[in-house]
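First the structure, in the form of structure tokens, and then the observations on it.
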Amino acid sequence: MKLLFLLVLLVMLTLNIYKAYRNTKDVAVKKMNIASGSRQSPVLRVLHLSDLHLENISISPEELFQKVKEERYDLIALTGDFLDRKWTIPKLIPYLQVLNRLNAKYGIFAVLGNHDYVLKGQNLHALVDTLEQFHCRVLRNEHFEVLVDGRRVNIIGIDDFSTKRSDLETSYRGLKPGYNLVLTHDPNIVLQMKQYHFDYLLAGHFHGGQICYPKAYHLIKMGKLVRMNMIKGLHMYDNKPFYISEGLGQTGVNIRIGSRPEITIHECTLINETSIPNYSVM
């Protein structure tokens, strides 16, 4: 009888692990509308991918392309944690090739995450060089401006907060008036940005908990936002909106419980200073 019980328990455990692995293939495509209500204002369409964690990713480059190919993108934002092993760098190339096939009007922009900084010296340089070789501009506490229908958009890349590489003053230095789109990996940086304006901020880092049972208690050491129950989706802090992606890959083990990998498309209305924005999921 005891042996039968153990056998049943083993079968149930195996089925649950398999289901948790299958969840990593169930990629959600979400659309966010960050709007002011003004129909005359230009709209910036951003494809946001985060936390590929290429050691543990369950979507192939071609599968990714099939999920995103029907949309038109002005800009592609990659918010860090591509990989943490030097031998994984070649695996990044086909994903970058897919993103180049999308022909985003203003290009591809990236920041690095804490796992990327596991790489040191020439290996970290190899990662950055690979990104740049495939037309991806890596922003490390710096900004880059584009004009969208005559409206300036400042793309501000803030380096990873969790590894103490963020430098807000340097990131914003010389910034001209415009719509401020911030890209960063660890969203906890928003708690430090009272004096630094942004219209929208994109981040990742938490994986939506990845393994929630039923809550992601294991994230408790990952900063104040976790204790404020801000680990995924759209949030506001200090009257400024920011979005935390659940990420596309996994870390540690290639399973998800209570979370899904995601691809997010953001439609950002480039609001005027007098506009009162509203935020919604499409």
Side-chain angles (χ1 to χ4, degrees), residues 28-50 64-65 67-80 98-111 134-139 141-158 168 171-184 187 189-190 193 195-204 233-245 262-282:
V29 180
K30 301 177 183 178
K31 294 186 179 181
M32 303 297 301
N33 184 11
I34 309 301
S36 68
S38 172
R39 296 181 179 178
Q40 286 72 40
S41 299
V43 174
L44 182 72
R45 288 176 56 83
V46 181
L47 173 64
H48 178 206
L49 303 177
S50 193
L64 172 61
F65 182 71
K67 284 184 175 294
V68 299
K69 68 178 183 179
E70 300 300 329
E71 302 281 350
R72 174 190 59 80
Y73 307 105
D74 296 311
L75 184 149
I76 298 173
L78 309 176
T79 53
V98 158
L99 296 180
N100 275 272
R101 288 167 64 187
L102 297 175
N103 295 314
K105 185 174 182 179
Y106 301 105
I108 307 171
F109 295 83
V111 291
F134 288 90
H135 315 292
C136 179
R137 185 180 293 270
V138 181
L139 300 176
N141 294 319
E142 56 191 311
H143 61 267
F144 185 85
E145 68 176 58
V146 298
L147 289 178
V148 180
D149 293 339
R151 179 76 190 272
R152 180 182 292 110
V153 175
N154 296 310
I155 304 164
I156 305 165
I158 302 174
L168 289 167
S171 300
Y172 275 74
R173 185 177 297 144
L175 199 72
K176 297 177 182 177
Y179 183 95
N180 290 349
L181 174 65
V182 171
L183 309 182
T184 196
I189 190 68
V190 301
M193 296 184 70
Q195 305 303 320
Y196 295 90
H197 174 72
F198 61 83
D199 295 283
Y200 198 35
L201 180 147
L202 300 177
L234 182 66
H235 298 279
M236 295 283 289
Y237 185 78
D238 196 26
N239 292 317
K240 293 180 284 191
F242 64 99
Y243 189 89
I244 307 173
S245 170
E262 77 170 70
I263 297 164
T264 320
I265 302 166
H266 304 265
E267 291 194 349
C268 305
T269 301
L270 305 185
I271 59 176
N272 298 317
E273 292 181 1
T274 56
S275 299
I276 301 175
N278 60 78
Y279 314 104
S280 63
V281 181
M282 297 170 63

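The two residues Met193 and Val182 have their closest heavy-atom pair at CE-CG2, 4.3 Å. Contact record, Leu270 with Arg151: O-NH1, 2.8 Å, taken as the closest heavy-atom pair. For the residue pair Val148 and Pro42, the shortest heavy atom distance occurs at O-CG, 3.9 Å. In plain terms, the two heavy atoms of Tyr243 and His48 that are nearest each other are CD2-ND1, 4.3 Å. In this structure, Ile155 and Leu139 approach most closely via the heavy-atom pair O-CD1, 3.6 Å. Nearest heavy atom pair, residue Gly204 against residue Thr79, reads N-OG1, 4.1 Å.
No side-chain heavy atom of Tyr106 sits under 4.5 Å from any side-chain heavy atom of Leu147. Put simply, the side chain of Asp199 does not reach to within 4.5 Å of the side chain of Leu181, judged on heavy atoms. The shortest side-chain heavy-atom distance between Leu202 and Thr264 does not fall under the 4.5 Å cut-off. Contact annotation: the side chain of Ile158 never approaches that of Val111 to less than 4.5 Å [non-hydrogen atoms, C-beta and beyond]. The closest side-chain heavy-atom distance from Glu71 to Leu47 is not below 4.5 Å. In this structure, Glu267 and Ile34 have side chains that are not in contact, with every pair of non-hydrogen atoms separated by 4.5 Å or more. Looking at Leu49 and Leu99, their side chains come closer than 4.5 Å, going by heavy atoms from C-beta outward. By the 4.5 Å heavy-atom criterion applied to side chains, Val190 and Lys240 are not counted as neighbours.
Side chain of Asp74 to backbone of Arg45: a donor-acceptor contact under 3.5 angstrom is found. Listed for the His235 side chain is no donor-acceptor partner under 3.5 Å among the backbone atoms of Phe242. Looking at Tyr200, its side chain never comes within 3.5 Å of a backbone N or O of Tyr179 through a donor-acceptor pair.
How far CG of Asn141 is from CD1 of Ile156: 11.5 Å, rounded to the nearest 0.5 Å. The line from CG of Leu175 to CG of Asn180 is 5.0 Å long, rounded to the nearest 0.5 Å. One finds the CZ atom of Phe198 at 10.5 Å from the CG atom of Leu168 (value rounded to the nearest 0.5 Å). Between the NZ atom in Lys30 and the CD1 atom in Ile265 there is a gap of 12.5 Å [rounded to 0.5 Å]. Between Asn154 atom CG and Ser171 atom OG the span is 12.0 Å, to the nearest 0.5 Å. One distance of note links OG1 of Thr269 with CG of Asn33; it measures 6.0 Å at 0.5 Å rounding.
Looking at residues two or more places apart in sequence or on another chain, you find a ring-ring contact (aromatic ring centres under 6.0 Å, His included) between Phe144 and Phe109.
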